[in-house]
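See structure below.
None of these values were measured; they are calculated from a predicted model.
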Amino acid sequence: MDEELKESIFGALEQVIDPELGIDIVNLGLVYDIDMNEEGKVTVTMTLTAMGCPLAGVIVDQVQSALKDLPEVKDTEVNIVWNPPWSKDRMSRYAKIALGISD
């Protein structure tokens, strides 16, 4: 996958807002990896801020919906992982400022 397409995918994922925190999943540092096979299937490896998050299904649906508008993406699989565990250190500077978290 070329850098331009990867940037487009990350841009689309920035539209997916964590319903509890009100910040997108990219700036929260929840997206660990993006991969695309030759058939156009994108696998998004990501985590959630807490195990057992009641809104996991909503976030997965939003990820799939956000990527369906990209012509190169034919299918999307969301792989939720817990290792490495998420921490506030993965958040962007923007997310930390928006949530009032200092380094």
Side-chain angles (χ1 to χ4, degrees):
M1 172 173 28
D2 65 29
E3 279 303 309
E4 189 175 321
L5 178 55
K6 197 167 195 170
E7 283 182 32
S8 293
I9 291 171
F10 271 107
L13 292 176
E14 285 180 344
Q15 306 308 307
V16 178
I17 306 298
D18 181 295
E20 292 180 310
L21 298 175
I23 306 288
D24 69 87
I25 63 173
V26 173
N27 279 292
L28 283 173
L30 299 178
V31 179
Y32 288 174
D33 190 37
I34 295 172
D35 191 38
M36 179 183 237
N37 69 15
E38 288 159 20
E39 290 82 42
K41 181 178 182 179
V42 172
T43 301
V44 178
T45 302
M46 62 175 289
T47 194
L48 300 170
T49 55
M51 201 176 287
C53 173
L55 298 169
V58 172
I59 293 172
V60 168
D61 289 346
Q62 288 179 355
V63 167
Q64 292 170 332
S65 180
L67 297 184
K68 75 176 182 186
D69 291 336
L70 296 175
E72 301 89 347
V73 177
K74 306 303 179 212
D75 190 21
T76 303
E77 177 182 336
V78 180
N79 184 20
I80 304 287
V81 297
W82 302 108
N83 205 8
W86 178 83
S87 75
K88 68 177 185 172
D89 296 336
R90 295 191 54 84
M91 295 169 63
S92 71
R93 184 172 178 271
Y94 160 77
K96 288 178 181 177
I97 290 169
L99 294 174
I101 296 172
S102 60
D103 285 333

Original post:
Going through the checks in order, is the side-chain contact (heavy atoms from CB on, under 4.5 Å) test met by V42 and E77?
Top reply: CA-CA 6 Å; V42 172; E77 177 182 336; over 6 Å; no

Original post:
Are V16 and Y32 joined in one hydrophobic group, where the rule is that I, L, V, M, F, W and Y side chains link up if heavy atoms are under 4.5 Å apart?
Top reply: yes

Original post:
Are L55 and V44 co-members of a hydrophobic cluster defined by side-chain heavy atoms under 4.5 Å apart?
Top reply: no

Original post:
Just how far is it from atom NZ of K41 to atom CG of L67, taken to the nearest 0.5 Å?
Top reply: 13.0 Å

Original post:
Rounded to the nearest 0.5 Å, how far apart are CG of D18 and CG of N27?
Top reply: 12.0 Å

Original post:
What distance separates I25 CD1 from T49 OG1, expressed to the nearest 0.5 Å?
Top reply: 11.5 Å

Original post:
Would a 4.5 Å heavy-atom cut-off, applied to side chains only, mark E20 and C53 as touching?
Top reply: yes

Original post:
At what distance, to the nearest 0.5 angstrom, does CD of Q62 lie from CG of L13?
Top reply: 11.0 Å

Original post:
Between the side chain of Y94 and the main-chain N/O of I23, is any donor-acceptor distance below 3.5 Å?
Top reply: no

Original post:
Hey, quick one: are L70 and F10 part of the same hydrophobic cluster, counting side-chain heavy atoms closer than 4.5 Å, chains of contacts allowed?
Top reply: yes

Original post:
With no hydrogens and no angle check, is any side-chain donor or acceptor of K74 less than 3.5 Å from a backbone partner on P71?
Top reply: yes

Subject >> Side-chain heavy-atom pair M91, L99 within 4.5 angstrom cut-off >> reply: yes

Subject >> Within-4.5 Å side-chain heavy-atom neighbours: P19 and I59 >> reply: yes

Subject >> OG1-CG distance between T43 and D35, expressed to the nearest 0.5 angstrom >> reply: 6.0 Å

Original post:
Hey, is the main chain of V81 close enough, under 3.5 Å, to the side chain of T47 for a donor-acceptor pair?
Top reply: yes

**OP:** Taking the side chain as every heavy atom from C-beta outward, state whether T76 and K68 have any pair of such atoms under 4.5 Å apart.
**Re:** no

Original post:
If you group Ile, Leu, Val, Met, Phe, Trp and Tyr by side-chain heavy-atom gaps below 4.5 Å, do V58 and V31 land in one group?
Top reply: no

Subject >> 4.5 Å side-chain heavy-atom contact, W86 and L30 >> reply: yes

Original post:
What's the spacing between M1 CE and N37 CG if we round to 0.5 Å?
Top reply: 10.0 Å

Original post:
Do the side chains of L28 and I97 join up, straight or via other hydrophobic residues, at under 4.5 Å, putting them in one cluster?
Top reply: no

